[in-house]
Amino acid sequence: MNKIKNKNTNKKRVGIIGSGPSGLAQLRAFEAAKNAGLEVPEVVCFEKQSNWGGMWNYSWRTGVGKYGEPIHGSMYKYLWSNGPKECLEFSDYSFDEHFKKPISSYPPRPVLFDYIQGRIKKNNVRDYIRFDTTVRWVNFNDETQKFEMVLDDLKIDKTYTEEFDYLVVASGHFSTPNMPYFKGIEQFPGQVMHAHDFRGADPYKDQNLLIIGSSYSAEDIGVQCYKHGAKSVTLSYRSNPIGVNWPEGISEVPLLTHFENDVAHFKDGTSGKYDAVIMCTGYQHKFPFLPDELRLKTKNNLYPNHLYKGVFFNNLPQLIYLGMQDQYYTFNMFDAQAWVARDFMMDQLPLPSKAERRLDMDKWLEANDKLETSFDHVDFQSDYIKDLLALSDYPDFNVDKVAEMFKEWLKDKDENILTYRDKTFQSVVTGTKAETHHTEWMDELDDSKERYLFQDENEEALEEIMEKQPI
Ligand code: FAD
Ligand code: NAP
């Protein structure tokens with residue numbers, strides 16, 4: 001193994017794992033400080049894929065990638081934002097600035113991917129990212145107080161190590177499937193897969209589909225398959241049903257108990273015959289590159305324990321985790337976290353003692369335990385964002401207004417799960433009211449950026465051409 005000497009020994013070094021929205025937020029935070037004339041540490045971001053964007057960087061592959069690494073992506077064809085874009089807008093880079101015209105509130109994945117890239121392309125942050133590089137292992141050296149990272153350059157099949165003063169883990173937590181076992185499943189004759197490997201609704205046309213789970217993946221994959229022609233969709237819940245007004249063709253049943261060939265039996269004694277099963281049973285926080293004592297161990301919740309301000313690992317605050325919470329807020333929350341983390345790493349934000357940090361975390365954990373409704377969850381994460389915003393110079397935005405929009409969104413979904421994506425909201429960054437999309441979501445079978453952005457222009461251009469044609 002080659003030991004590469006750090007190029008610049010007097011500058012502090014920051015290692016970032018992952019260039020999804022969280023890792024990119026960290027890079028952008030440093031770039032903002034640099035643009036403000038501040039001296040920033042040396043920053044290196046390691047990304048195992050060949051491009052940035054994390055989940056938003058769609059992969060048609062499942063299983064392993066071209067270098068044999070587990071595929072990270074869990075997104076699929078026809079994936080549209082499942083919350084209003086006004087709730088995730090970067091407050092230092094608006095949708096108006098990027099698209100130069102108002103767009104709808106629920107864009108498809110390629111459009112949001114384009115937006116994420118827009119802010120980053122404006123700065124030179126690509127230079128800080130080493131693509132096709134997997135972080136294989138990290139060790140913290142108590143003597144030197146540095147992180148020793150073992151890195152695999154996948155392209156040239158070379159392993160090397162580097163040292164860093166700070167480590168930012170931005171590797172996401174919706175990639176490693178939680179795959180439960182149900183008796184008899186090994187004899188089920190049809191396809192059984194986890195949502196992580198779902199790449200689009202097309203194969204389920206005319207099929208009777210069984211989905212296990214009752215959260216966002218179950219809801220969205222169920223609705224997508226219904227939209228794209230599945231014969232029936234049955235959702236099987238463990239704790240609570242999703243409980244919205246389902247259209248005919250989608251139904252909810254209690255938890256699956258076992259299979260007898262292609263027949264599934266449920267807790268309430270009912271049963272049904274299915275062609276395929278999709279486990280929408282969530283994901284594991286998995287950090288195979290971290291030793292036990294540095295690893296965040298948590299379920300998917302709004303306030304993972306041991307992270308002061310939701311980011312600093314309390315036993316070793318030089319270890320920073322971004323985006324590890326369950327997420328109502330996404331891009332703007334990652335930004336708020338990254339700005340706070342940056343200020344700590346640049347010695348602009350001293351942290352209180354370990355014991356004081358523990359007390360602060362306990363306060364949040366206690367509040368988290370008392371949450372009951374989805375509205376409570378929204379308010380909790382909104383308070384968390386406000387707490388972060390008060391600590392850094394990330395451009396302020398109206399969090400209360402965003403919380404209202406989340407609540408509106410929850411109501412819209414309850415009212416009509418098939419039409420909520422046709423609603424529009426107002427930006428808290430620019431005040432712009434979103435456009436109504438040119439096609440109702442249920443009729444829109446094409447999720448390409450070109451169709452989304454230029455449909456009207458294309459029609460006009462087409463009309464012009466037609467007009468010029470001799471009759
Ligand atoms: P990720 O986007 O997961 O990025 C992590 C990055 O780390 C990846 O690029 C990965 O390759 C890299 N990485 C991991 N391990 C290593 C390693 N060992 N070495 C090097 N690199 C590594 N959010 C929304 O706001 N709206 C939506 O509509 C929405 N839809 C979603 C749909 C699905 C199916 C899923 C799973 C999530 C969705 N999300 C949505 C949430 C989404 O996770 C966040 O928007 C966002 O992508 C999280 O960013 P992240 O950077 O924290 O993690
Ligand atoms: P999740 O929110 O963590 O939900 C996991 C679900 O699996 C819960 O319903 C849970 O039930 C169920 N479950 C877990 N173990 C089970 C078991 N052994 N048996 C039965 N059920 C079990 O995960 P997710 O739904 O995959 O969502 C992950 C992220 O992806 C979210 O951020 C979401 O917004 C995003 N997403 C977005 C879209 C989009 O449209 N843009 C689409 C899909 C996903 P309990 O309630 O009983 O725990």
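Atoms within a ligand are numbered from 1 in the order they appear, just like the ligands themselves. For clarity, every value in this text was computed on a predicted model and none was experimentally measured.
With sequence neighbours excluded, the residues that form a side-chain contact (heavy atoms from CB on, under 4.5 Å) with Leu302 are Asp326, Tyr328, Asn368, Leu371, His377, Phe380, Gln381. Partners of Glu89 by side-chain contact (heavy atoms from CB on, under 4.5 Å), not counting sequence neighbours, listed by chain and number: Ser94, Phe95, Tyr115, Ser427, Val429.
The salt bridge (charged side-chain N to carboxylate O under 4.0 Å, His left out) contacts involving residues 61-73 comprise Glu69-Arg136, where partners must be two or more places apart or lie in separate chains.
When the shell of 6.0 Å around CD of Gln426 is examined, it contains more than 12 heavy atoms from other residues, nucleotides or ligands. More than 12 heavy atoms of other residues, nucleotides or ligands shown are found within 6.0 angstrom of NZ on Lys85. More than 12 non-hydrogen atoms from other residues, nucleotides or ligands lie less than 6.0 angstrom from NZ of Lys407.
Contacts between Arg109 and ligand 2 below 4.0 angstrom, taking non-hydrogen atoms only, are absent altogether. Residue contacts with ligand 2, taken as heavy atom pairs separated by less than 4.0 Å, involve Tyr216 via backbone and side-chain atoms alike. Contact annotation for Asp220 and ligand 2: only side-chain heavy atoms (C-beta onward) come within less than 4.0 Å of the ligand. Within the 4.0 Å heavy-atom criterion, both parts of Ser214, backbone and side chain, lie near ligand 2. Within the 4.0 Å heavy-atom criterion, the part of Tyr283 lying near ligand 2 is the side chain and not the backbone. The residue Tyr78 has no part lying near ligand 2, judged by heavy-atom distances below 4.0 Å. Residue Ile212 touches ligand 2 through its side chain alone, judged by heavy-atom distances below 4.0 Å.
The option with the heavy atom closest to atom 21 (N) of ligand 2, from among Arg238, Gln325, Met279, is Arg238. The option with the heavy atom closest to atom 3 (O) of ligand 2, from among Thr330, Asn300, Asn301, is Asn300. Residue nearest to atom 24 (P) of ligand 2, selected from Ser217, Ser236, Ser81, Ala195: Ser217 (by heavy-atom distance).
No cation-pi contact links Arg109 to Trp56, judged by a cut-off of 6.0 Å to the six-membered ring centre and 45° from its axis. The side-chain tip of Arg119 points at the ring of Phe90 from less than 6.0 angstrom away and within 45° of straight on. Taking the ring axis of Trp60 as reference, the NZ or CZ atom of Lys77 does not stay both within 45° of it and closer than 6.0 Å to the ring centre.
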Please step through side chain to side chain contact (heavy atoms under 4.5 Å, CB included) for the pair Glu97 and Lys122, ending with a clear verdict. CA-CA 11 Å; Glu97 183 175 351; Lys122 251 181 62 176; 2.9 Å; yes
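Of all the heavy atoms in Ala264 and Phe259, the pair that sits closest is CB-CE2, 3.7 Å.
A donor-acceptor pair under 3.5 Å is formed between the side chain of Trp409 and the backbone N or O of Asn82.
The Ser215 neighbourhood of ligand 2 comprises atoms 1 (P), 2 (O), 4 (O), 6 (C), 8 (C), 9 (O), 25 (O), with distances under 4.0 Å to a heavy atom of that residue. For ligand 2, the atoms lying closer than 4.0 Å to a non-hydrogen atom of Cys280 are 6 (C), 7 (O). Numbered from 1 in the order shown, with element, the atoms of ligand 2 that lie under 4.0 Å from a heavy atom of Asn178 read 14 (C), 15 (N).
The 4.0 Å heavy-atom shell around ligand 1 contains residues Ile17, Gly18, Gly20, Pro21, Ser22, Phe46, Glu47, Lys48, Gln49, Gly54, Met55, Trp56, His72, Ser74, Met75, Leu79, Ser81, Asn82, Leu88, Thr133, Thr134, Val135, Ala170, Ser171, Gly172, Phe174, Phe289, Gln327, Thr330, Phe331, Phe334, ordered by chain and number.
For Trp80, the heavy-atom gap to ligand 2 drops under 4.0 angstrom.
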